[in-house]
Amino acid sequence: MEENKNKNNEHQEHISSYKEHFGTWSALILLTLMTVLVSVFGADLRTLSVATAMIIATVKVLAVGYYFMHLKYEPKIYRTLIIIVMALFVFFLVMVILDYLTR
Amino acid sequence: MTAAALPENNFFNAKKGIMSWLFTLDHKRIGLLYLYAILSFFLVGVVLGFLMRLELLNPGQDIMKPHTYNQVFTLHGVIMIFLFIIPSIPAIFGNFFLPLHLGTDDVAFPKLNLLSFWLYVLGALFALATLVFGDGPADTGWTFYAPYSVKTGTNVTMSVLAAFILGFSSILTGLNFIVTIHRLRTPGMGFNQMPLFAWSLYATSWIQLLATPVVGITLLMIIAERVFGIGLFDPSIGGDPILYQHLFWIYSHPAVYIMALPAMGLVSEIIPTFAQRTIFGYKAIAYSSMAIAFVGYFVWGHHMFTSGMSGTAGFIFSILTFFVAIPTSVKVFNWVATLYKGSINIEIPLLYMMAFIFNFLIGGLTGLANAALAADVHLHDTYFVVGHFHYVMFGGTGFAMFGALHYWFPKIWGRMYNKARANVAFALLFFGFNMLYFPMLILGIMGMPRRYYDYLPEFHGLNQIATVGSWILVSGLILMLANLLIGLKKGKIASANPWNGITLEWQTSSPPPLHNFDKLPELNEGGPYNYPDAKKA
Amino acid sequence: MNQSFVLPNSGHTFDPKSSKLGMWLFLYTEILLFGGLFLVYMVYRSLNPDAFLLASFKLNVWMGTVNTIILLTSSMTVAMSITALQKGDKKMAMNLLWLTLLAALAFLVIKYFEWGAKFEHGYFPGMDHYDAMPVGEKLYFYLYFFMTGLHGLHVIVGGIFIWVVIAKIKSGKVHKDRISLHENAGLYWHLVDLIWIYLFPLFYLIH
Amino acid sequence: MNASNFVEGVDFSLYLILGISIFFLVGITTVMIYFLFRYRKKNNPVATNIEGSHTLEIIWTVVPTLLVLVMFWYGWTGYQPMLKAPKNAIEIEAIGQMWKWTFVYPDGKVSDSLVIPVNEPVKLNLSSKDVLHALYIPAFRVKQDVVPGGDNMMWFTGQLTGRYDILCAEYCGQLHSYMMTTVNVVERDAYDTWLVTEPDLADEHPGFTLLKKNACNSCHTFDGTRLVGPSFKGIVGRSETVIVDGETKEIIADREYIIHSMKKPNDAIVESYQPNLMISYENIITDEEMNLIVDYLETIK
Ligand code: HEA
Ligand code: HEA
Ligand code: CUA
Ligand SMILES: [Cu+2]
C-alpha cells in the first residue's frame with residue numbers, strides 16, 4: 001500500500017523542538033512531585049491516593065509516548081496498536097482478578 | 001513438461017560450503033535449516049511417543065519404571081510443543097514461502113531471522129541436554145505446574161530455560177513476519193491480494209508476539225523459585241499455585257492457534273490449486289484467521305475449570321471458548337465449498353488436506369465437549385483431552401504439514417517423489433492415526449486419567465488397539481520419509497509449476513534462484529486465486 | 001539471467017520504516033513481559049492489601065522520587081539528542097547521549113544503595129528478617145526485588161544500546177539521514193522509563 | 001437411577017455435543033467426498049470461479065452460533081449445581097498427599113477410603129499437604145483439584161449403593177497413577193455402624209499403624225525395594241551417606257537421626273534421593289508417636 005511507493009526517498013521526518021521536549025519534561029516532573037505529595041501527605045485518603053497515583057502515572061506515560069516517543073507524529077496505526085496491546089493486558093488482568101474475587 | 005535438468009542458477013548452488021549454510025541470510029536456506037532441525041527433534045519426540053505406547057500396552061510395568069515414564073511424557077510434550085509444532089509451519093514453510101508469496105526476495109530482517117534460528121537450536125540443545133545433565137529430564141508434564149515443578153529434583157530449570165529461549169526465537173520470527181507483510185509486498189499487492197497463507201501467518205505472528213512474553217516471564221518466575229528456594233507461587237509465603245496456571249495458559253491457549261492457524265493457511269492454499277478454481281469466500285477465510293487469533297486470547301480459563309475457578313469466571317471463559325468455534329467453522333465450510341464446481345486433480349497434497357479436514361473436525365468438535373463446563377468436569381485431564389489435542393495438533397497440523405511437504409517438494413528441490421509410494425504412506429498414516437487416537441477418546445469418556453503410568457484392567461483392550469495403531473502410524477511415517485528422501489536424490493526433474501498453481505512462487509524456477517525472482521513477478525488479475533482458465537460464475 | 005536485478009521491495013535494502021516498526025513491535029513484547037509481573041503484583045496486592053501497605057513503608061520514598069526524576073530527565077536528553085542529530089548537530093547529540101548514560105549510571109548507583117540497605121536489613125528472600133515477615137510482606141519484597149531487578153537489567157541493556165549509538169555516531173555510521181538506530185535506542189530507553197513510571201507508585205507510594 | 005445426582009447433567013451435555021458433532025462430522029465428510037468425485041477433472045474438465053456467497057456466509061455463521069449457545073447452556077446448567085453444596089450435607093475433610101487420600105469424618109474418624117450413606121448429600125473439603133492433586137470419581141462425574149493452600153470443595157449425592165473408584169486426576173509425581181482408593185455408598189445404618197467400629201488393631205504394632213496412617217509406606221517400603229524414599233528395612237543402625245549443606249557425610253541412622261529426618265527431612269538428604277519430596281512431620285506427628293515409629297522400625301531387619 002502507501003508504504004511501498006516511496007521507500008527510498010523518505011518523506012521528511014518530523015523534528016521536535018528542544019522547547020517541546022523541555023516542556024514535556026517540566027510537566028512530567030510536576031506530575032511526579034504531585035503524586036509523591038498526595039501519597040505522602042494524604043495518607044488517610046488511601047483508595048483515593050492509589051487511584052490518583054495510577055491516573056497520574058498513566059498521564060505521564062501518555063506524555064512520554066506522545067512527545068518523547070513521537071507517537072503524536074507517527075501514522076495512526078502505531079497508536080491503534082498500542083491501545084490494542086494495553087487493552088489486551090487490561091483484559092488479562094480483569095479476568096484473573098475477577099476469578100479471584102468471585103471465588 | 002519435464003525439463004532435462006535442474007536450473008543452473010538456483011539457491012542451492014549459489015554459494016558453496018557448510019558456512020554458507022550455517023550463516024546464511026537467505027530465507028530459503030534458513031527455512032531448510034529449520035526443516036532439518038525440526039524434523040530431527042520431531043523424530044526424537046516420535047520415538048518417545050512410541051515408547052509410551054509400548055509401556056501402555058499392558059497394565060503394570062512393561063518396559064520402564066514410573067519415574068522414567070513421567071520423564072518420557074514430559075520430554076515428549078516439550079519436544080512436540082516447543083520444538084516441533086509451534087515453530088514447524090511458520091519457521092519452515094513460512095520462511096521459505098512468505099517472501100515468495102509476497103513477491104519479494106527476503107524477510108524484512110534477514111539477520112534477525114538467522115538469530116531466531118540459532119536461538120531455536122540453542123533452546124533445543126538445552127531441552128535435550130537435560131538427558132545428560134542434572135537429575136535427568138523434568139518429570140512435570142509440559143505444563144510445569146507449580147508447586148510440583150518447584151519441588152521435584154529433576155532438571156526442571158534447564159527444561160524451563162529451554163522453553164524460555166525457544167519463546168524468544170518464536171517472538172523474533174513473528175516480529176519479522178509482521179514487518180515483512182507490512183513493508184515488503186510487491187507493488188500493487190494490497191492486504192486483500194495476499195495469498196491466504198500469508199494472512200494466516202500474519203494472524204499467527206501477532207499471537208507469537210503478544211502472548212509469548214507472558215509465558216516467558218512466568219517461566220522466569222519458576223526458575224527464580226527453584227534457584228532461591230522460595231517464590232511467587234508458594235502457598236507458604238502467601239502465593240497461589242493457581243496464579244501460575246492463569247499465567248501459563250494466557251500464553252499456552254493462544255499458542256494452540258499458533259499451531260493451528262498456519263496449517264489452516266496451507267489448506268487454503270492447496271485446495272484452490274487442486275480444484276483449479278478460486279477460493280470460496282476469500283475475505284471470510286482471511287478475516288476469520290484474525291478473528292480466531294483475537295478471540296483466542298480470551299479463553300485460556302477453559303484449562304482450569306476444575307481448579308476451583310469461580311462460577312462467574314467459568315461462565316465467561318466457557319462461552320468465549322465456544323465463540324472460537326464460529327470463525328473456525330466458517331473456514332471449514334468455505335474450504336468444502338471451494339471443491340464445488342472445481343475441476344479436481346486428486347493428488348497426494350489434496351488427500352492430506354482432506355485428511356486434515358476430517359481429523360481437525362474430530363479434534364475441533366471434541367474441543368467443544370471440553371469447552372462445555374459440565375462435560376469438562378468429567379473429561380478434564382482424561383485421555384479424552386489427550387485424544388482431542390492429538391487430533392488437532394497431529395491429525396490437523398501434522399497432516400497439513402505432510403501435505404505441504406508434498407505440495408512444495410518440487411518447488412523446493414526441483415524434483416518429484418514417487419506418487420504410488422506416497423499414496424501407500426498416506427493410507428497407512430491416516431489409518432494408523434485414527435486407530436491410535438480414536439480409542440483414546442473413548443477411554444477418556446470411560447474415565448481414564450491422563451499421565452497415567454498404569455491403569456485399571458477395564459481400560460486394557462482399548463489401550464492395546466491404540467498401541468497397535470501407533471505401529472501402523474510409524475510404519476507410514478517411515479515410508480513417507482523414505483519416499484521423500486529417495487525423491488530428493490533420484491526423483492524425476494519437476495517443472496517450474498507442476499500443479500498449475502497460481503500464487504507467485506510458481507512464477508519462478510524450481511528451485512528458485514538466489515534472489516527469488518529475475519524480474520518483477522506479475523500479479524494475478526482479480527484476486528490471488530482467480531484462475532484464468534475457469535468459467536466465470 | 002539478469003544477475004544484478006534487485007526487486008524494488010527487496011528485504012536486503014535498508015528501510016528505516018521497517019526498522020522503526022520492528023522496534024515498536026519489540027516494545028510491545030516488553031510491555032507484556034512486564035505485564036505478566038504487574039498482573040502477579042495486582043493479584044497478590046488485592047489478596048493482601050494490608051501487608052502490601054505495611055511493607056511499602058519499608059522503602060525509601062525519597063530515593064525513589066529522585067530516581068524517577070533522574071529517569072525522566074534522561075528520557076528528555078535522549079529525545080533531545082535525536083532532535084539534535086536530525087538538525088545535523090553531531091556534537092550536541094553525542095553530549096546529550098553521554099548525559100543520558102550518566103543518568104543511567106546515577107540511577108543504578110542509587111538503586112545499589114537502596115538494595116544494599118534492604119540487604120542489610122535482611123529483606124532479601126532467604127535472609128533472617130525476610131523469613132520472619134508475615135506472608136503478604138514476603139510476597140511484596142519478593143516482587144520488589146524481582147521487578148526492580150528486571151527493570152535494572154533493562155536499564156543496563158538500554159545503556160549499552162545507547163553507548164553503541166554514541167560509538168556509531170562518532171564513526172559516522174549513524175547520521176542525519178540514517179538515524180534509525182539512534183531513534184530505536186531512544187524508543188527502548190523511553191520504554192525503560194515508562195515501566196519505571198508504573199513501578200514507582202506501585203511500590204513506593206501505596207501509603 | 002444414576003450413580004450420583006450429577007450424572008444426568010454431565011452426560012446430557014456431553015452426549016448432546018457428541019450428537020451434534022457426529023452429525024456435522026458425517027455430513028461434512030460426505031459432502032466433501034461427494035464433491036471430490038463429482039467434480040473430478042474427468043467429470044468436470046472446466047472449473048467455475050465462484051467467489052463466494054453472502055447468504056451462505058451468513059447461514060454458516062449464524063447456525064453454528066446458535067448451536068454453540070445451546071451447547072454452552074447445557075454445559076452451564078449441568079455445572080452450576082456443583083458450585084454450591086446444600087446446607088445439610090455431611091462435611092468430610094479429604095486430604096491429598098503424595099500418593100494417598102485420607103478422609104476425616106466430623107466425629108474424628110479417619111479412613112483411607114470414603115464411605116458415605118446413600119441418598120444424602122456429602123461435601124468434601126479438599127486440602128493438600130504437598131502438591132496439586134485432583135479428586136476424581138468417574139462414576140459420579142465429579143472432579144475437583146486439590147490445591148495446597150487453597151480451600152476447594154466438592155459435593156455430591158450417591159444414589160446407588162456400591163463401590164466406585166476414586167482416582168487422582170492431576171499429575172502429582174512418581175506414583176500419580178497409583179493414588180487411588182474407593183468410595184463405598186452404603187445404607188444409612190451400615191454407615192452409622194461403620195462410623196463407630198474401629199478397625200481391630202490390637203495385635204498390630206502401634207508404630208506400624210502410625211506409619212500406615214501417615215502414608216509413609218507410599219514412599220518407603222518395608223522389604224528393601226527402592227521407591228521414592230529409602231526403604232525402612234534395616235534402617236535403624238544402618239550407616240549411610242547423606243548430603244548436608246552440599247557436603248557428603250557418613251552417618252549412622254540412630255533414633256535421634258531418624259526422628260530428625262521426620263521433623264526436618266531436608267537437613268540431611270540420603271545420597272541419590274531427592275530433597276523437598278518428603279514434607280516435615282514436625283507438627284503432624286507427636287514426639288511420643290515418633291518414638292513409637294522408631295520402636296517399630298527397630299523390629300524390621
Ligand atoms: C492445534 C492445537 C489445538 C487447537 C486448534 C484446539 C482447538 C480447540 N480446543 Fe483444544 N487443546 C489443545 C490444542 C488445541 N485445541 C491442547 C494441546 C490441549 C491440552 C493441553 C494440556 O492440558 O496439556 C487442549 C485442551 C483443550 C481444553 C481443556 C481440556 C481440559 O484439560 O479439560 C479445551 C476446553 O475447552 C479445549 C477446547 C478447544 C476448542 C473449543 C477448540 C476450537 O478451536 C475448535 C474449533 C473447531 C471446530 C468446532 C470444528 C470445525 C467446526 C465445524 C465443522 C462446524 C460445526 C461446528 C459447530 C456446530 C459449532 N482444548
Ligand atoms: C504435535 C504434537 C504431538 C505429536 C505429533 C505427538 C505424537 C505422539 N503422541 Fe503425543 N503428546 C503431545 C503432543 C504430540 N504427540 C503432548 C503435548 C502431550 C502431553 C504431554 C503431557 O502430558 O505433558 C502428549 C501426550 C501423549 C500421550 C499421553 C501420555 C499420558 O498422558 O500418560 C500419549 C500416549 O500414548 C502420546 C502418544 C503419542 C504417540 C504414540 C505419538 C507419535 O509417536 C505418533 C507417531 C508420529 C508419526 C507417525 C508422525 C507424525 C508426523 C508429523 C506430525 C509431521 C512430520 C513433519 C514432516 C515430515 C515435515 N502422547
Ligand atoms: Cu495425586 Cu495425582
Ligand atoms: Cu485451550
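- With a threshold of 4.5 angstrom between heavy atoms, Gln80(D) does not approach chain B through any atom at all.
- Note: Trp60(D) and Phe280(B) have tilted aromatic rings, judged against thresholds of 30 and 60 degrees for the angle between ring planes.
- Both the backbone and the side chain of Leu379(B) come within less than 4.5 Å of a heavy atom of chain D.
- When Ser310(B), Ala375(B), Ser307(B), Pro66(B) are compared by the number of non-hydrogen pairs under 4.5 Å with chain D, Ser307(B) comes out ahead.
- Neither the backbone nor the side chain of Met154(D) comes within contact range of chain B; no heavy atom of the residue lies under 4.5 Å from a heavy atom of that chain.
- Ranking Leu69(D), Thr65(D), Leu83(D) against chain B, the residue ahead of the rest is Thr65(D), based on heavy-atom pairs under 4.5 Å.
- Between the side chain of Lys143(D) and the main chain of His380(B), a donor-acceptor pair closer than 3.5 Å is present.
- No part of Thr77(D) comes within reach of chain B, as not one of its non-hydrogen atoms sits under 4.5 angstrom from that chain.
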Any chance you could lay out the side-chain contact (heavy atoms from CB on, under 4.5 Å) test for Ile319(B) and Trp76(D), step after step, and finish with the verdict? CA-CA 9 Å; Ile319(B) 199 164; Trp76(D) 169 247; over 6 Å; no
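- Val31(D) places none of its side-chain heavy atoms less than 4.5 Å from the side chain of Leu339(B).
- The candidate from Ser329(B), Gly527(B), Gly314(B), Gly311(B) with the greatest count of non-hydrogen atom pairs under 4.5 Å with chain D is Gly311(B).
- Residue pairs meeting the side-chain hydrogen bond (donor to acceptor under 3.5 Å, both in side chains) criterion with at least one partner in residues 4-27 of chain D, sequence neighbours excluded, are Asp11(D)-Arg141(D).
- Chosen from Gly78(D), Pro81(D), Gly9(D), Pro138(D), the residue pairing most often with chain B at heavy-atom distances under 4.5 Å is Pro138(D).
- With contacts defined as side-chain heavy-atom distances shorter than 4.5 Å, the pair Thr48(D)/Arg277(B) does not qualify.
- Scanning all heavy atoms of the two residues, the minimum distance from Ala169(D) to Pro449(B) falls at CA-CB, 4.4 Å.
- In this structure, chain B has a heavy atom under 4.5 Å from the side chain of Leu18(D), while its backbone stays farther away.
- Heavy atoms closer than 4.5 Å to chain D are found nowhere in Phe233(B), neither backbone nor side chain.
- The part of Met98(D) that comes within reach of chain B is its side chain, from C-beta onward, which places non-hydrogen atoms under 4.5 angstrom from that chain.
- Within a 6.0 Å sphere centred on CG of Asp151(D), other residues, nucleotides and ligands contribute 12 heavy atoms or fewer.
- A 4.5 Å side-chain heavy-atom check between Pro148(D) and Pro241(B) finds at least one atom pair inside the cut-off.
- Between atom CG of residue Asp165(D) and atom CG of residue Leu456(B) there is a gap of 5.0 Å, rounded to the nearest 0.5 Å.
- Distance CG/Leu36(D) to CG/Leu350(B): 5.5 Å, rounded to 0.5 Å.
- Using a 4.5 Å cut-off on side-chain heavy atoms (C-beta onward), Tyr79(D) and Phe315(B) make no contact.
- Residues satisfying the side-chain hydrogen bond (donor to acceptor under 3.5 Å, both in side chains) criterion with His378(B), sequence neighbours excluded, are Tyr136(D).
- Note that CZ of Phe305(B) and CG of Asp145(D) are 13.0 Å apart. Values are rounded to the nearest 0.5 Å.
- Both the backbone and the side chain of Ala369(B) come within contact range of chain D, judged by heavy atoms closer than 4.5 Å.
- With a threshold of 4.5 angstrom between heavy atoms, Leu368(B) approaches chain D through its backbone and through its side chain.
- There is no contact between Met353(B) and chain D, counting heavy-atom distances below 4.5 Å.
- Looking at Leu132(D), both its backbone and its side chain come within 4.5 Å of chain B, counting heavy atoms on both sides.
- Contact annotation for Pro147(B): both backbone and side-chain heavy atoms come within less than 4.5 Å of a heavy atom of chain D.
- At least one donor-acceptor pair closer than 3.5 Å links the side chain of Ser343(B) to the backbone N or O of Asn44(D).
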Lys341(B) and Tyr39(D): side-chain contact (heavy atoms from CB on, under 4.5 Å), yes or no, with the steps? CA-CA 6 Å; Lys341(B) 293 206 171 164; Tyr39(D) 299 108; 4.0 Å; yes
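- Residues Phe37(D) and Ile344(B) fail the side-chain proximity criterion, which asks for heavy atoms closer than 4.5 Å.
- By the 30° and 60° cut-offs, the orientation of the rings of Tyr148(B) relative to Tyr171(D) is perpendicular.
- Here the closest heavy-atom approach between residue Ile17(D) and residue Ala372(B) is recorded as CD1-CB, 3.4 Å.
- In this structure, no portion of Ala371(B) lies under 4.5 Å from any heavy atom of chain D.
- In this structure, chain B has no heavy atom under 4.5 Å from any part of Phe140(D).
- Between the side chain of Arg40(D) and the backbone N or O of Ile346(B), no donor-acceptor pair lies under 3.5 Å.
- Ranking Ala47(D), Gly75(D), Gly52(D) against chain B, the residue ahead of the rest is Ala47(D), based on heavy-atom pairs under 4.5 Å.
- Tyr452(B) places a side-chain heavy atom less than 4.5 Å from the side chain of His176(D).
- Taking chain D as the reference chain and counting heavy-atom pairs below 4.5 Å, the highest number among Tyr453(B), Tyr529(B), Tyr455(B) is found for Tyr453(B).
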Evaluate Asn49(D) against Tyr531(B) for side-chain hydrogen bond (donor to acceptor under 3.5 Å, both in side chains), listing each step before the verdict. CA-CA 7 Å; Asn49(D) 274 338; Tyr531(B) 274 84; over 6 Å; no
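- Highest contact tally toward chain B, considering only Val46(D), Val147(D), Val68(D), Leu167(D), is held by Val68(D) [criterion: heavy-atom pairs under 4.5 Å].
- Within the 4.5 Å cutoff, the side chain of Glu57(D) has heavy atoms near those of the Asn334(B) side chain.
- The contact between Leu14(D) and chain B is made by backbone and side chain atoms together, counting heavy-atom distances below 4.5 Å.
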Candidate pair Leu25(D) and Leu365(B), rule side-chain contact (heavy atoms from CB on, under 4.5 Å), full reasoning: CA-CA 8 Å; Leu25(D) 177 68; Leu365(B) 293 164; 4.3 Å; yes
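- Taking chain D as the reference chain and counting heavy-atom pairs below 4.5 Å, the highest number among Met448(B), Lys283(B), Met446(B), Met354(B) is found for Met354(B).
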Could you please spell out the steps behind the side-chain contact (heavy atoms from CB on, under 4.5 Å) verdict for Arg450(B) and Glu170(D)? CA-CA 8 Å; Arg450(B) 65 190 278 208; Glu170(D) 182 66 61; over 6 Å; no
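- Under 3.5 Å, the side chains of Asp139(B) and Gln174(D) contain no donor-acceptor pair of N or O atoms.
- Using a 4.5 Å heavy-atom cutoff, the side chains of Ser177(D) and Tyr69(B) are not in contact.
- Using cut-offs of 30° and 60° on the angle between ring planes, the pair Phe35(D) and Tyr340(B) is tilted.
- Top candidate by heavy-atom pairs under 4.5 Å with chain D, chosen from Asn530(B), Thr68(B), Asn70(B), Asn345(B), is Asn70(B).
- Contact annotation for Ile20(D): neither backbone nor side-chain heavy atoms come within less than 4.5 Å of a heavy atom of chain B.
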